[in-house]
Amino acid sequence: MSTSGPAPLLSPRKAARGLRRDTLPAVTMAAPAALGLLAFVVVPFGLAVWLSLHNVRLDSPTPPGWFGLEQYRRILFDPNFRGEFYRGLLNNLVFAAVVVPVQTALALALAVLLNRPLRGMAFFRTFFFMPVVFPMALVAVVWKLIYARDDLGMLNAFLDTASFGLLGPYDWLGNESTALLSIIIMSIWQGVGLQMVIILAGLQGIPGDLYEAAALDRAGRWRQFVHITLPGLRNTLIFVVMVTTILSFRLFDQVYVMTQGGPQEATTTVMYQAVTTAFDANNVGRASAITVLFFVIVLVVTLVQRRLLREEREVA
Amino acid sequence: MSATVHRRTHRRRAQGRAGRAGAYLLLTVLTVVFVAPIAYMVIGSFKPAGEVIDGLSGFLPRDLSLGNYTGMLDRFDSPATGRFSDFYLTSLIVAGVVVLGGLVVNSMAAYALARLRWRGRDTVLMVVVLLVILPFEAIAVPLFYLLNDHRNTYYVQFLPFVASAFSIYLFYSFFAGLPKEMEEAARVDGAGPWRTFFLIIVPNSKPVFATVTILSFLTAWGSFLWPVMMVDQPQRRPLPLEIAVFQGQPPYDWGQIFAFGVLMVLPVLLVFLLFQRWFVQSVASSGLKG
């Protein structure tokens with residue numbers, strides 16, 4: 001394309017006018033997506049805030065009534081309602097507190113393992129990544145069976161055999177103390193491959209001569225990992241950690257398929273409550289308030305991420 | 001002196017060999033962990049219902065038949081249950097429109113934002129960047145309220161997802177990194193923004209189109225929360241919603257449920273296995289911009 005022939009035919013002034021003439025095509029090009037975002041993202045989010053300040057029910061003969069901050073007061077402070085919300089938030093936090101470090105560490109370990117110049121690494125990578133292409137609803141159905149409670153359930157049968165009959169059987173999803181853990185393990189299985197390939201790409205961006213220099217200095221594998229690999233992956237890891245944290249707060253599909261929030265409230269989540277409040281309880285106002293609170297959490301996480309990334313740039 | 005050196009290199013080489021064997025052993029164990037649930041589903045889909053939940057022998061390929069597949073297709077054979085082809089069609093329509101419509105609409109917007117000069121551009125760009133952090137979950141409830149009269153349609157299932165701030169952002173990052181000379185020549189030759197975009201920019205941006213295609217397809221194909229809220233009519237259910245309903249209805253026929261699962265994931269799995277290097281690279285590149 002670079003037929004760098006004679007000087008441009010247009011004078012700079014005409015070129016500038018040409019640029020200004022971009023306005024019509026530019027606006028036309030941006031319009032479909034902009035309208036879509038406006039109609040299906042911006043307006044609904046504004047509506048969420050509005051609805052959260054009202055008492056709204058679907059198919060109700062009475063119009064939405066002004067409710068002020070009552071929905072928020074009930075969710076956050078009312079002894080009759082707050083328990084459920086805080087339990088959901090706690091479950092989200094526990095999920096994040098386990099999944100974020102474990103899944104990231106596992107993804108990092110897998111990526112470092114696969115990054116070694118050995119044969120067949122692409123073959124293994126295929127298997128570790130495979131669960132990522134599975135829809136979460138399907139994964140949840142399969143694992144529900146793996147977690148089946150009697151001694152014929154796959155996981156129970158495996159533990160029984162591996163421990164010579166000492167362990168199990170457990171009611172993985174039916175017991176308050178193991179239900180959330182079971183969902184966590186399954187989610188890590190499904191999600192770790194995605195992080196792994198992102199970290200692998202990050203690893204390949206670290207210059208190889210850094211390792212050569214370190215090897216000349218007699219730095220062992222571990223010291224190379226701490227002093228070259230980890231700093232080189234800093235931005236990638238921050239990205240991965242933040243995406244996983246936000247994903248932890250979006251937790252819904254697995255819960256809906258596997259436990260419906262139970263047993264008791266052991267696996268309820270903020271999003272699960274938003275949906276059931278809107279749907280089963282037909283309380284759109286309160287569900288919207290939960291949604292707005294959910295967004296505030298996500299926003300805080302993101303702002304922390306931006307902060308961390310900016311500090312990195314200033315240091316660099 | 002040289003003996004110590006010799007011994008050291010010898011030891012290191014032996015260590016390397018042991019390390020390599022250890023690495024392969026570890027990788028093999030991990031592979032088993034990652035593949036076992038998938039293998040369980042695939043094998044179970046060919047086994048009689050009673051033998052699916054049967055401890056570790058669930059992995060044994062015994063008494064295999066296509067009975068679950070034919071049985072499952074027979075089970076979904078009326079408008080009341082929805083036909084299997086209905087679920088597939090819904091998923092295909094939704095994913096098809098979201099992916100294709102999204103590629104066109106979002107790449108055009110990203111081009112206007114990255115390469116054209118117009119009033120309001122910076123504002124629009126800022127709004128798009130802000131919207132990237134707004135997950136769909138945050139607007140699902142009001143959208144459900146807003147679109148309640150359009151339940152059980154195809155369009156309500158895809159419309160909210162065609163325009164995507166995240167896709168625009170991915171396109172934007174890529175277009176912004178293209179060399180200026182690429183389009184300058186075309187502009188000087190008198191080509192307007194439209195021709196420049198379709199004839200110069202699009203053909204030179206295959207990687208980002210691949211990334212957006214794969215990411216938006218996987219998201220649309222697995223979409224669950226929105227159908228849960230908007231679809232109750234069996235004929236309009238996409239595959240993930242139907243498998244969730246199917247597995248919750250007694251009598252539970254796990255062989256058939258697994259057969260459903262295999263058919264649901266098979267096309268995606270095939271595309272992944274055929275183009276996997278390219279597939280993995282595309283997905284991985286989405287993280288580098290962070």
Side-chain angles (χ1 to χ4, degrees), chain A residues 1-3 8-9 19 22-23 25-27 29-30 32-34 36-37 40-41 44-45 47-48 51 58 113 118 124 126-129 133-138 141-143 145-146 148 152 154 157-158 161 197-198 200-201 239 250 252-253 257 271 274 278 284 287-288 291 294-295 298 302, chain B residues 20 23 27 31 34-35 37 40-41 53-56 58 105-106 108-109 111-112 116-118 131 133 135 137-139 141-146 148 160 162-163 165 168 181-182 185 188 192-194 221-222 224-225 240 243-244 247 254 261 264-265 268-269 272 276 280 283-284 287-288 290:
Chain A
M1 265 342 287
S2 53
T3 44
L9 295 171
L19 285 175
D22 281 353
T23 299
V27 170
M29 285 172 132
L37 289 177
F40 296 110
V41 183
F45 187 68
L47 186 65
L51 287 170
L58 219 51
L113 206 56
L118 298 178
F124 290 112
T126 306
F127 288 118
F128 301 159
F129 187 78
V133 306
F134 278 64
M136 185 48 95
L138 173 59
V141 169
V142 174
W143 278 76
L145 219 57
I146 291 173
L152 294 178
M154 187 57 77
F158 172 76
T161 312
V197 297
I198 291 174
L200 253 178
F239 173 79
R250 294 166 60 185
F252 173 80
D253 300 6
V257 172
M271 264 328 288
V284 176
S288 298
T291 294
F294 161 80
F295 177 67
V298 169
T302 313
Chain B
R20 204 179 308 158
L27 286 167
T31 303
F34 275 91
V35 173
Y40 180 41
M41 173 185 77
I53 306 190
D54 193 16
L56 291 178
V105 163
N106 298 319
M108 285 193 326
Y111 175 69
L116 301 178
R117 290 170 63 183
W118 43 289
L131 292 184
I133 64 170
E137 282 83 351
I139 51 169
V141 171
L143 213 51
F144 151 78
Y145 179 77
L146 210 59
N148 191 42
V162 174
I168 294 177
E181 299 79 46
M182 192 179 270
V188 165
W194 289 99
W221 193 253
F224 189 70
L225 171 66
I243 199 169
Q247 61 91 35
W254 291 105
M264 164 177 171
V265 78
V268 191
L269 210 53
F272 163 60
Q276 62 130 329
V280 167
V283 173
L288 297 176

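Values below: all heavy atoms of this structure, side chains included; hydrogens, waters and symmetry mates excluded.
Of the two parts of A:Phe252, only the side chain, counted from C-beta on, holds a non-hydrogen atom closer than 4.5 Å to a non-hydrogen atom of chain B. Residue contact with chain B, scored on non-hydrogen atoms closer than 4.5 Å, involves the side chain of A:Leu113 exclusively. Only the side chain of A:Phe294 comes within contact range of chain B, with at least one heavy atom under 4.5 Å from a heavy atom of that chain. For chain A, the nearby parts of B:Asp54 are the backbone and the side chain; heavy atoms of each come within less than 4.5 Å. For A:Val298, the part lying near chain B is the side chain, with the backbone staying farther off; criterion is any non-hydrogen pair under 4.5 Å. Heavy atoms closer than 4.5 Å to chain A are found in both the backbone and the side chain of B:Ile53. Looking at A:Met154, the atoms closer than 4.5 Å to chain B (heavy atoms on both sides) sit in the backbone and in the side chain alike. Only the side chain of B:Ile168 comes within contact range of chain A, with at least one heavy atom under 4.5 Å from a heavy atom of that chain. Of the two parts of A:Leu118, the backbone and the side chain both hold a non-hydrogen atom closer than 4.5 Å to a non-hydrogen atom of chain B. A:Ser288 touches chain B through backbone and side chain together, each having a heavy atom under 4.5 Å away.
When all heavy atoms of A:Val257 and B:Ala244 are compared, the pair lying nearest together is CG2-CB, 4.0 Å.
Within the 4.5 Å cutoff, the side chain of B:Glu137 has no heavy atoms near those of the A:Thr291 side chain. With contacts defined as side-chain heavy-atom distances shorter than 4.5 Å, the pair A:Leu145/B:Tyr40 qualifies. Taking the side chain as every heavy atom from C-beta outward, A:Val133 and B:Trp221 never approach each other to under 4.5 Å. Here the side chains of A:Val141 and B:Trp254 are in contact, with some heavy-atom distance below 4.5 Å. The closest side-chain heavy-atom distance from A:Phe129 to B:Val280 is below 4.5 Å. A heavy-atom distance below 4.5 Å is not found between the side chains of B:Pro142 and A:Phe45. In this structure the side chain of A:Pro135 never reaches within 4.5 angstrom of the side chain of B:Phe224, judged on heavy atoms. With contacts defined as side-chain heavy-atom distances shorter than 4.5 Å, the pair A:Arg250/B:Leu225 does not qualify.
Counting heavy-atom pairs closer than 4.5 Å to chain B, the top residue among A:Ala148, A:Ala48, A:Ala34, A:Gly36 is A:Ala48. Comparing B:Pro240, B:Ala109, B:Gly222, B:Gly58 by heavy-atom pairs within less than 4.5 Å of chain A, the highest count is held by B:Ala109. Contact count against chain B (heavy-atom pairs under 4.5 Å) is highest for A:Thr126 among A:Leu200, A:Thr126, A:Ile146.
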- Query: Do B:Leu27 and A:Phe128 pass the side-chain contact (heavy atoms from CB on, under 4.5 Å) test, and can you show the C-alpha distance, the side-chain angles, and the key distance before you say yes or no?
  - Reply: CA-CA 10 Å; B:Leu27 286 167; A:Phe128 301 159; 3.8 Å; yes

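Between the CZ atom in A:Phe124 and the CZ atom in B:Phe34 there is a gap of 12.5 Å [rounded to 0.5 Å].
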